[in-house]
Amino acid sequence: MTRVLVVDDDRQLLRALRIALAARGYEVVLAPDGTTGLAAAQHTPPDLMIVDLGLPDLDGVAVVQAIRGWSSVPILVLSARLTEQSKIDALDAGADDYVTKPFGMGELLARIRAAMRRTTPADTPAVVTTAAFSVDLAAKRAVDAAGSEVRLTPTEWHLLEMLLRNPDRLITHQQLLQEVWGPRYSTETNYLRVHMANLRRKLEPDPSRPRYLRTDPGLGYRFVPD
């Protein structure tokens with residue numbers, strides 16, 4: 001399920017977005033200010049962020065800049081600011097799109113769909129299949145060779161997606177830690193060992209001798225397809 005983090009201090013808008021997004025199958029996380037939003041993004045990284053510029057504690061541009069320090073998650077900015085410079089500042093900070101308040105819910109949903117499409121390269125398969133398991137990246141669903149569903153935690157999903165979207169490519173410890181946990185955890189390689197062990201236990205035919213989720217000693221991990 002696609003997780004959307006909405007950072008805005010307008011309670012009525014938060015309620016409307018939660019209802020509209022949840023009705024379309026999104027998992028919605030709400031944050032009433034920038035500090036809470038940044039903490040939520042680091043604790044459980046979202047698939048997309050919606051950030052208001054006029055937050056009570058931090059300017060939305062500062063929130064976007066902070067997120068861009070460690071994540072490439074799509075960010076849609078909401079704002080009542082109509083000046084061209086406001087849009088330039090937000091986009092230069094790393095926002096992917098700028099939506100002016102008031103806006104139609106249909107337009108916002110279309111912009112969310114467009115942003116999500118841009119995050120998946122055209123040559124990335126929607127379904128990755130091996131002899132031991134199959135993963136539907138769009139539906140966030142994994143099944144084993146017998147067709148039984150494999151239940152993964154959000155953190156395991158995030159790690160697995162990074163590896164599957166980059167077959168045969170080394171993803172370093174630091175890249176995985178910063179993308180999944182945030183910049184403060186860039187040296188916590190024990191986190192990776194624990195979660196990678198869980199992934200292998202759930203997906204590998206022989207977890208002690210991994211065929212697909214390989215370790216590059218001292219460097220990182222890679223997914224090796226059939």
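What you see is a predicted model; the values in this text were computed from it and never measured.
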Grouping I, L, V, M, F, W and Y whenever their side-chain heavy atoms are under 4.5 Å apart, do [X] and [Y] come out in a common cluster?
| X | Y | result |
| --- | --- | --- |
| Met49 | Leu58 | yes |
| Leu78 | Met105 | yes |
| Leu91 | Val7 | no |
| Val28 | Met116 | yes |

Worksheet item: Checking side-chain contact (heavy atoms from CB on, under 4.5 Å) for the pair Leu53/Val61: CA distance, chi angles, key distance, verdict?
Response: CA-CA 6 Å; Leu53 290 188; Val61 170; 3.9 Å; yes
Neighbour count >12 (heavy atoms, 6.0 Å) for atom [atom1], [X]:
| X | atom1 | answer |
| --- | --- | --- |
| Glu84 | CD | no |
| Glu107 | CD | yes |
| Arg151 | CZ | no |

Discussion item. Would Trp70 and Gln42 count as a side-chain contact (heavy atoms from CB on, under 4.5 Å) here? Give the steps.
Written reply: CA-CA 9 Å; Trp70 58 275; Gln42 291 193 359; 3.6 Å; yes
Return the [atom1] to [atom2] distance between [X] and [Y], rounded to the nearest 0.5 Å.
| X | Y | atom1 | atom2 | result |
| --- | --- | --- | --- | --- |
| Thr189 | Leu176 | OG1 | CG | 11.5 Å |
| Leu159 | Glu161 | CG | CD | 10.0 Å |
| Glu204 | Asp144 | CD | CG | 13.0 Å |
| Leu108 | Asp97 | CG | CG | 9.0 Å |
| Leu55 | Asp10 | CG | CG | 11.0 Å |
| Thr36 | Leu30 | OG1 | CG | 11.5 Å |

Practice prompt. Report the residues that fulfil side-chain contact (heavy atoms from CB on, under 4.5 Å) with Val224, sequence neighbours left out, ordered by chain and then residue number.
Written response: Asp168, Arg211, Arg214, Arg222
Taking all atoms of both residues into account, what is the closest heavy-atom pair of [X] and [Y], and its distance?
| X | Y | answer |
| --- | --- | --- |
| Leu48 | Ala115 | CD1-CB, 3.8 Å |
| Ala93 | Gln65 | CB-CG, 3.6 Å |
| Ser79 | Asp52 | CA-OD1, 4.0 Å |
| Ser134 | Thr129 | OG-OG1, 3.3 Å |
| Leu38 | Ala66 | CD2-CB, 3.8 Å |
| Tyr26 | Arg113 | OH-CG, 4.0 Å |

Discussion item. Against Val4, only a single residue in Leu21, Leu17, Val29 fulfils side-chain contact (heavy atoms from CB on, under 4.5 Å); can you say which?
Written reply: Leu21
Taking [Y]'s backbone N and O only, do any of them form a donor-acceptor pair with [X]'s side chain (distance below 3.5 Å, no angle check)?
| X | Y | value |
| --- | --- | --- |
| Glu188 | Leu177 | no |
| Asp96 | Leu76 | no |
| Asp57 | Thr35 | yes |
| Asp9 | Asp33 | no |

Practice prompt. Go through the steps to decide whether Thr155 and His158 satisfy the test side-chain contact (heavy atoms from CB on, under 4.5 Å), and finish with yes or no.
Written response: CA-CA 5 Å; Thr155 298; His158 204 161; 5.7 Å; no
Under 4.5 Å between any side-chain heavy atoms of [X] and [Y], yes or no?
| X | Y | answer |
| --- | --- | --- |
| Thr215 | Arg200 | yes |
| Thr130 | Leu203 | no |
| Leu199 | Tyr212 | no |
| Phe103 | Leu13 | yes |
| Thr2 | Ile112 | no |
| Arg68 | Val73 | yes |
| Asp8 | Ile50 | no |
| Ile171 | Tyr221 | no |

Worksheet item: Are Gln175 and Asn166 close enough, and set up right, to give a side-chain contact (heavy atoms from CB on, under 4.5 Å), and what steps lead you there?
Response: CA-CA 12 Å; Gln175 286 175 312; Asn166 297 276; over 6 Å; no
